[in-house]
Number of protein chains: 2
Amino acid sequence: MPHMASKGEKTRADIVECARRLFYEHGYDGTSFTRIVEASGLFRGNIYHYFKTKDEILLAVVERYLDDYRALLARWEAEHDTPRARLRAFVDMITGHKMELVEYGCPIGSLNTELGKDRRVLQHTARVLFDLFRDWLTARFVELGHKRQAEALALHLLGRAQGVAVIAHVYQDRKLLVREAQQLKAWIDGL
Amino acid sequence: MPHMASKGEKTRADIVECARRLFYEHGYDGTSFTRIVEASGLFRGNIYHYFKTKDEILLAVVERYLDDYRALLARWEAEHDTPRARLRAFVDMITGHKMELVEYGCPIGSLNTELGKDRRVLQHTARVLFDLFRDWLTARFVELGHKRQAEALALHLLGRAQGVAVIAHVYQDRKLLVREAQQLKAWIDGL
DNA sequence: AATATATTAGGACAGTTGTCCTTTTATTTG
DNA sequence: CAAATAAAAGGACAACTGTCCTAATATATT
C-alpha cells in the first residue's frame, strides 16, 4: 500500500528510460517488448508486473519527456529575463543537440509522425509534447507584444525547427543545422 | 525473353501502386506483405513472382514516385517561364494537397523519417526523392541570380515545407498550411 | 515472528511477420 | 500446333510479435 521510492520504482524508471531511448533510436514499432525487457535486464514476463501493454509504456515515456521538458522550460525562464533571450534558448536547443538530431531526428517530431500514420489515438498522447512547447512559445510571443498572432508565431517557429530537424536528419548535415539556427535567431531578433 | 506491355507488367504496376498508397497511409513497417498482396488481389506466394523482398517493392515505389515527380517538375517548367513563378508552383503543391498532407503528412518526408531511424541503407534509397526536389529548386535559385547560396536556399525551402507538413499533420490544421504557404510565397517574391 | 504485499523468474500462448517452394494454368513465341 | 515461358494458386516455414499465467522469492508491515 505505501508509495516510497522503493526498488520497484527504480526498476520502473529504468524501464521507462530504456524504452525512451529505444523508441527514439529505433521508433515505436521498431522497438519490441522483448528488446525493452532485454535492455532493462529483466526477465520475459516480469515487465508485465510494471506495464500491461506496450501502449502503457509509451504513455509513461511521454510523461517522462514532459517532466524533463517542463524542467527545461523552467530553467530557460530562470536563466533569461527577456522574451527574446528565452526564445533564443529554444533555438539553441537545436544546435545543442546537433549529434542526436542528425542521427535520429527530433524525438517529438519523429514520434508524432510515426504514430500519426495509423494510430491517431496514440498520437494524441504524444501530441501533448508539442502542446507544451507551443504554449510556452506562445507565452513568450505574448511577452514580446505580439498578442494576436502569438500562437501562429509559435507554430511557425515550431514548424521551422521541425523542418530543420527533418532535413538535417535526412542529409546528416550538421552545418545546415547551425546555419538555420542562426537564421532563426535573426528572425527572432527582428520581430 | 520479350518485354512488351504484357499483363504481367500491368499486375506489377498495380502492386507498386497499391504498395505506394499503403506505405503512405500506414508507413513502411505498418504495411505487411500480406496486406499488399490482398490489396493487389493476388494470392499469397504469387507476389514472389514479381518481387523477392519487401525492400524490392520499396525500390519500385521510389522509382514510381521519381517518375511522377519528374513529370510534375517538367510541367511546372513548361507552364511557368520565370524562376519565381516556378518556385511558387512548388509552394502551391502544398496547398494543392491539403487533405492528404493533413491526413498522412508528406509522403517523402515521413518515409525518410521512418527509414532514417534504423535502416539507413533503405533511407538512402528514399533520399533520392529529396535530391530530386533539392536539385530542381537549386536550379531555380540559380536562375534567380543566387548562384552562391542556391543550394542553401533550396534546402531552406525544402525544410520549411517539411516543417509545415509536420505541424499541419500533427494538429490536423489546414488553415496553418494555407497561412504558411502564403508566407513562403511572400518570401520567394522578396528574394 | 507472522502476514501481506512487491518483485522476480520462467514459461506459454495464438497471431503475424517476411520469405520461399511447388504445382497448375495462361500466355506468348517459334 | 508445339515449345517455352509467364503468371496464378496454394501452401509451408521459422522467427518474432504482444500478451498473459503461475510459482517462487524477497521485502515490508503489523
Side-chain angles (χ1 to χ4, degrees), chain A residues 1-20 22-23 25-62 111 114-115 117-119 121-122 125, chain B residues 1-20 22-23 25-62 111 114-115 117-119 121-123 125-126:
Chain A
M1 223 185 273
H3 275 278
M4 301 190 57
S6 60
K7 188 173 176 209
E9 289 191 27
K10 210 238 162 213
T11 306
R12 198 191 139 93
D14 282 351
I15 295 170
V16 173
E17 181 52 28
C18 285
R20 165 158 78 164
L22 290 169
F23 288 168
E25 295 178 2
H26 307 285
Y28 180 69
D29 279 328
T31 303
S32 69
F33 236 96
T34 311
R35 212 137 154 214
I36 298 172
V37 166
E38 281 168 3
S40 312
L42 299 172
F43 281 78
R44 193 85 196 85
N46 193 4
I47 201 174
Y48 190 69
H49 186 257
Y50 297 93
F51 299 97
K52 304 286 177 219
T53 66
K54 200 178 162 188
D55 292 3
E56 258 181 50
I57 301 183
L58 180 70
L59 206 88
V61 166
V62 169
L111 185 62
E114 182 182 359
L115 298 177
K117 280 277 174 197
D118 230 2
R119 278 149 305 185
V121 181
L122 273 190
T125 299
Chain B
M1 221 185 278
H3 275 276
M4 300 189 61
S6 59
K7 188 176 177 210
E9 288 192 28
K10 209 240 163 212
T11 306
R12 197 191 140 95
D14 282 351
I15 295 170
V16 173
E17 181 51 30
C18 285
R20 165 158 79 164
L22 289 168
F23 290 167
E25 295 178 2
H26 309 284
Y28 180 70
D29 279 329
T31 303
S32 69
F33 235 96
T34 310
R35 212 137 155 215
I36 298 172
V37 167
E38 281 169 2
S40 312
L42 298 172
F43 281 78
R44 194 86 196 81
N46 193 5
I47 200 173
Y48 189 69
H49 187 258
Y50 296 92
F51 299 99
K52 304 287 177 216
T53 67
K54 200 177 160 187
D55 292 4
E56 258 180 52
I57 301 183
L58 179 70
L59 207 88
V61 166
V62 169
L111 185 63
E114 182 182 359
L115 298 177
K117 279 279 172 196
D118 229 3
R119 279 149 306 187
V121 181
L122 273 190
Q123 193 251 37
T125 298

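Note that these values count all heavy atoms, side chains included, but never hydrogens, waters or copies made by symmetry.
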Please tabulate, one pair per line, each protein N/O and nucleotide N/O from nucleotides 23-27 of chain C that are separated by under 3.5 Å, including the distance.
none

Between B:E114 and B:G27, the two heavy atoms sitting closest are OE1-CA, 3.5 Å
B:R12 CZ to D:dA8 P, in whole Å, measures 13 Å
Nearest heavy-atom approach of B:L122 to B:L115 is O-CD1, 3.9 Å
Across all chains, not counting sequence neighbours, the side-chain hydrogen bond (donor to acceptor under 3.5 Å, both in side chains) partners of B:D29 are B:R119
Salt-bridged, B:E17 to B:R20, with N to O below 4.0 Å? yes
To the nearest angstrom, the NE2-C1' distance between B:H49 and C:dC21 comes to 13 Å
Note to self: Is the phosphate of C:dA6 approached by A:T11 (side-chain N or O, under 4.0 Å from OP1 or OP2)?
What the structure shows: no
Quick note, side chain to side chain donor-acceptor pair (under 3.5 Å) partners involving residues 30-41 of chain B, not counting sequence neighbours, are B:H26-B:R35, B:T34-B:R44
B:E9 atom CD is separated from D:dT5 atom P, nearest whole Å, by 17 Å
Rounding to the nearest 10°, end axes of the helix from C:dA1-D:dT30 to C:dT17-D:dA14 built from five pairs each make an angle of 20°
Rounded to whole Å, the CD1-P distance (B:I36 to C:dT17) equals 11 Å
Given protein heavy atoms under 4.0 Å, the one-letter contact record of nucleotides 18-24 of chain D, with B base, S sugar-phosphate only and - none, is simply BBBB---
To the nearest angstrom, the CG-C1' distance between A:D14 and C:dT8 comes to 15 Å
CD1 (B:I47) and CD1 (B:I36) are apart, to the nearest 0.5 Å, by 5.5 Å
Would a 4.5 Å heavy-atom cut-off, applied to side chains only, mark B:D14 and B:L42 as touching?
no
* Asked: Below 4.5 Å, heavy atoms only, C-beta onward: do B:V16 and B:F51 meet side chain to side chain?
  -> yes
So the side chain to side chain donor-acceptor pair (under 3.5 Å) pairs with at least one residue in residues 48-58 of chain B (sequence neighbours excluded) are B:Y28-B:D55
Taken to the nearest whole Å, CD/B:E56 to C1'/C:dT19 is 12 Å
note: B:Y50, atom OH; D:dA8, atom P; distance rounded to Å ~ 4 Å
To the nearest angstrom, the CD-P distance between B:E38 and C:dG18 comes to 12 Å
Do A:V61 and A:L111 come within less than 4.5 Å of each other through their side chains, counting heavy atoms only? no
**OP:** Run the numbers on A:T11 and A:N46 for side chain to side chain contact (heavy atoms under 4.5 Å, CB included), then give the verdict.
**Re:** CA-CA 11 Å; A:T11 306; A:N46 193 4; over 6 Å; no
